[in-house]
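Chain naming here is simple, since letters A, B, ... match the order of the sequence lines and numbering starts at 1 in each. Not measured: the values here are computed from a predicted model.
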Amino acid sequence: MNFRKPKGTKDILPKDIYKWHYAERVIRDVTALYNFSEVRTPTFEYTELFKRGVGTDTDIVGKEMYTFDDKSGDSLTLRPEGTAPVMRAFVENSMLNDAPLHKLYYITNMFRYERPQAGRYREHTQFGGEILGSDSFYTDVELILLAKEVYNRCGVNNFKVKINSIGKPDERNAYVAKLRDYLKDNLTALSDDSKRRFETNALRILDSKNPGDRTITDAAPKILDHLGTESRSRFDKVVNELTKLSVNLEVDFRLVRGLDYYTDTTFEFVSEDLGSQDALGGGGRYDGLIEQLGGKPCPGVGFGSGLERVLIVAEKNGFTFGEPNKPQIYFISLNDAARDKAFELMQALRKNNIACETDMLNRSFKAQMRDANKLGVKNVYILGEDELTKGKGQLKNMSTSSQSEVDFDKIAEAIN
RNA sequence: GUGAGCGUAGUUCAGUUGGUUAGAACAUCAGAUUGUGGCUCUGAGGGUCGGGGGUUCGAAUCCCCUCGCUCACCCCA
């Protein structure tokens, strides 16, 4: 074993791939129901995009990016998140000129240099959705419903939606000042991490897991009490609508997301079946982002969700992801002439969309039967000397063990 | 970046106070009389005991270093 996969990456082997296909199918079905269109953007972007879009103070940009110079000296970065690239594509392709509203989704891999742990990888897959062009509270609601539907169809029902609003930028700044004012007096009691955050990003102290920090922040001013009337009313409408649709909601004043571009609504789907990294997905509004990236002012809302995490919870719940593909018929050949005939018959069946398999190792009759059994095929078609002269093979049903002669050109109808 | 736990066949694990050729189960492959799977029986292949160094007559077992994995902090999907 000389070569190993890089830390934090994974191989998805044939025995598991059908689960991924299933989940991807669900995502494509559900996004279609909500009239979202897929976008695919490059795996890497100019580094500046993420610095500008995500924010240099965030951990993602500050220490987690896979950044490198190409041969011309341009700084490129493997995408660490999905929203900034989609916004770049949206602006660059002047999509707003085609239509005033766009609903976009993606399923793609993301890269972040972090220490791997349960549910956290250096390369992971996210599916996400973005609604661009509308600031209607219905768009926030629709995205949450979309994600919820995907989870449900993957057998994931035991999660709750944490929701909060961090208001408009000026409301947020005013609130952060109040928060810092409150924390100032407790500064010595805060954890070292939070002391650091007090300087860099005081909002983040709210979601510290440190029990001491939590006791202090329990009594801190709440951002929801410091929103303007418009923001507050917007938040209430989102909450009311989701409650009406019986989404398992929890208003959480601690929910401040780690990306700089959020405004107003923020939300996160959390599941107790994950480890310490308990977020299935998260998102929020980002009404200033497109303008910040050089586009015309345009409201937007989006979310991203970790596919690995969805699969972890689904599997823990014992969800069955359909079945792996298997051939419908297995050809057993007892000599070279039969092998030749089998090969020819298989090609004809495959043209009729019938999945076939045969032995490629010149194995014994018994071994071929075993192979067919292990593959779980329903039918076996046996070709030997007698069958070749008769022009009929033996078709055996593996579950009933019944067997009958079937003409070479009647196989397709016989196995229906 | 910080901390803790763990590394023995493909997989899950045994391996007694250091003592002969390191075991089991499952998986894989083959056979159980002539051309028939699942169950059963028999057999086979497969291990530098993560790697390196040290202690010892002798190390999977003790010590040191190193690599890897896992989980947690951090952060997030």
Side-chain angles (χ1 to χ4, degrees), chain A residues 1-2 4-8 10 13 15 54 57-65 79-83 107-128 147 151 159 191-194 196-197 200-201 204 207-210 213 255-259 268-271 274-283 302-313 330 332-335 338 359 361 363-388 393-403:
Chain A
M1 280 299 181
N2 284 318
R4 274 189 283 249
K5 61 183 174 300
K7 186 194 276 280
K10 64 193 170 299
L13 301 177
K15 68 183 174 61
V54 181
D57 290 340
T58 63
D59 278 43
I60 291 180
V61 172
K63 52 187 191 192
E64 295 174 0
M65 295 204 298
R79 71 175 149 242
E81 64 98 49
T83 299
I107 306 175
T108 195
N109 46 359
M110 306 290 173
F111 307 85
R112 293 181 199 171
Y113 185 83
E114 300 182 273
R115 283 286 281 272
Q117 70 186 66
R120 188 166 82 184
Y121 310 90
R122 288 186 172 179
E123 180 183 15
H124 74 280
T125 310
Q126 276 189 34
F127 73 94
Y151 298 150
F159 60 86
S191 66
D192 289 346
D193 279 326
S194 287
R196 179 177 51 76
R197 285 183 281 229
T200 58
N201 190 347
R204 298 222 58 104
D207 70 359
S208 168
K209 286 179 188 169
N210 181 290
D213 290 353
L255 181 70
V256 298
R257 310 249 321 141
L259 288 72
E268 206 166 275
F269 300 86
V270 298
S271 167
L274 289 165
S276 174
Q277 309 302 316
D278 63 354
L280 282 163
F303 78 95
S305 187
L307 249 189
E308 288 82 0
R309 292 188 183 174
V310 174
L311 294 184
I312 287 168
V313 176
Y330 187 101
I332 289 181
S333 316
L334 302 181
N335 57 41
D359 171 60
L361 296 172
R363 283 180 280 195
S364 69
F365 193 167
K366 187 186 284 256
Q368 292 184 58
M369 282 299 291
R370 269 203 265 261
D371 194 30
N373 186 60
K374 198 167 69 175
L375 288 174
V377 300
K378 280 207 196 76
N379 304 285
V380 152
Y381 195 70
I382 301 160
L383 290 170
E385 215 172 325
D386 299 348
E387 287 77 11
L388 287 185
Q394 297 284 341
L395 182 69
K396 174 165 185 165
N397 182 310
M398 292 295 274
S399 40
T400 63
S401 291
S402 66
Q403 189 169 316

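Within 4.0 Å (heavy atoms only), A:Lys396 reaches at least one base atom of the nucleic acid. Residue-level contact check: A:Glu123 touches neither bases nor backbone, having no heavy atom under 4.0 Å from any strand. Here A:Ile382 lies in heavy-atom contact (under 4.0 Å) with a base.
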Taking protein heavy atoms under 4.0 Å as touching, what does nucleotides 25-31 of chain B look like 5' to 3' if B marks base contact, S marks sugar-phosphate-only contact and - marks none? ---SSSB
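Between A:Tyr381 atom OH and B:U36 atom P there is a gap of 19 Å when expressed in whole angstrom units. The interatomic distance linking A:Arg309 (CZ) with B:C76 (P) rounds to 11 Å, in whole Å. Spacing between atom CG of A:Asp59 and atom P of B:A77 amounts to 11 Å, rounded to whole angstrom units. Put simply, NZ on A:Lys7 is 10 Å from P on B:C67, counting in whole angstrom units. Rounded to an integer number of Å, the gap from CG of A:Asp213 to C1' of B:C74 is 13 Å. Atom CG in A:Asn335 sits roughly 16 Å away from atom C1' in B:U36 (whole-Å rounding). Rounded to an integer number of Å, the gap from A:Asn397 CG to B:G38 P is 17 Å. As a whole-Å value, the separation of A:Gln277 CD from B:U70 P is 14 Å.
Both A:Ser402 and A:Lys209 lie near RNA chain B, and the one whose nearest nucleotide falls closer to the 5' end is A:Ser402. Comparing A:Glu81 and A:Asn210, the nucleotide of RNA chain B nearest to each residue sits closer to the 5' end for A:Asn210.
Comparing the C1' positions of B:U40 and B:G45 gives a spacing of 22 Å, expressed to the nearest Å. Comparing B:U12 with B:U2, their C1' atoms sit 32 Å apart, to the nearest whole Å. Taking atom C1' in both B:C57 and B:U48, the straight-line distance is 23 Å, to the nearest Å. Comparing B:C26 with B:A44, their P atoms are spaced 16 Å from each other, to the whole Å. Across the P atoms, B:C65 and B:U28 are found 43 Å apart, a figure rounded to whole Å. Here the separation of B:C13 from B:A9, taken at their P atoms, is 12 Å to the nearest Å. With both ends at atom C1', the span from B:U16 to B:U55 equals 23 Å, rounded to whole Å. Atom P of B:C49 sits at a distance of 12 Å from the matching atom of B:A59, rounded to the whole Å.
Distance check, rounded to the nearest 0.5 Å: NZ of A:Lys396 to OH of A:Tyr381 gives 15.5 Å. Note that CZ of A:Arg370 is 12.5 Å distant from CG of A:Asp359, once rounded to the nearest 0.5 Å.
For B:C73, the OP1/OP2 oxygens have a side-chain nitrogen or oxygen of A:Ser276 closer than 4.0 Å. Distances shown here put a side-chain N or O of A:Arg112 below 4.0 Å from the OP1 or OP2 atom of B:A77.
No donor-acceptor distance shorter than 3.5 angstrom exists from the side chain of A:Glu123 to the backbone of A:Gly8, with no hydrogens or angles considered. Remark: side-chain polar atoms of A:Ser402 are not paired, donor with acceptor, to backbone N or O of A:Asn397 under 3.5 angstrom. Formation of a donor-acceptor pair under 3.5 Å by the A:Asp213 side chain with backbone atoms of A:Ser191 is found in this model. Judged by distance alone, the side chain of A:Arg363 and the main-chain N or O of A:Gln368 form no donor-acceptor pair under 3.5 Å. Put simply, the side chain of A:Arg112 never gets that close to the backbone of A:Ile60: no donor and acceptor are under 3.5 Å apart. Between the side chain of A:Glu268 and the backbone N or O of A:Gly282, no donor-acceptor pair lies under 3.5 Å. Panel note: side chain A:Arg79, backbone A:Asn109; a donor-acceptor pair is recorded below 3.5 Å. Side-chain atoms of A:Tyr330 never come within 3.5 Å of backbone atoms of A:Asp371 as a donor-acceptor pair (strictly under, hydrogens ignored). With A:Arg122 contributing its side chain and A:Pro116 its backbone, the two residues share no donor-acceptor pair below 3.5 Å.
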Could you go step by step and tell me if A:Tyr151 and A:Ser271 meet the side chain to side chain donor-acceptor pair (under 3.5 Å) rule? CA-CA 11 Å; A:Tyr151 298 150; A:Ser271 167; over 6 Å; no
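Contacts between residues 113-122 of chain A and RNA chain B, defined by a heavy-atom separation below 4.0 Å, involve A:Glu114, A:Arg115, A:Gln117, A:Ala118, A:Gly119, A:Arg120, A:Tyr121, listed by number.
The base of B:U36 is paired with the side chain of A:Gln403 by a donor and an acceptor separated by under 3.5 Å. Contact annotation: side chain of A:Arg197 to base of B:C75, donor-acceptor pair absent below 3.5 Å.
Around the CD atom of A:Gln403, the shell of radius 6.0 Å holds more than 12 heavy atoms that belong to other residues, nucleotides or ligands.
You'll find the side chain of A:Thr200 stays beyond 4.5 Å of the side chain of A:Asp57, heavy atoms only.
Nearest nucleotide to the side chain of A:Asp278, out of B:C76, B:G35, B:C75: B:C76. Of all nucleotides listed (B:G68, B:G35, B:A72), B:G68 comes nearest to the side chain of A:Arg4.
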What dot-bracket string describes RNA chain B from 5' to 3', counting Watson-Crick and G-U wobble pairs whose defining distances are under 3.5 Å, with [ ] for crossing pairs and | for pairs to another strand? (((((((..((((.....[...)))).(((((.......))))).....(((((..]....))))))))))))....
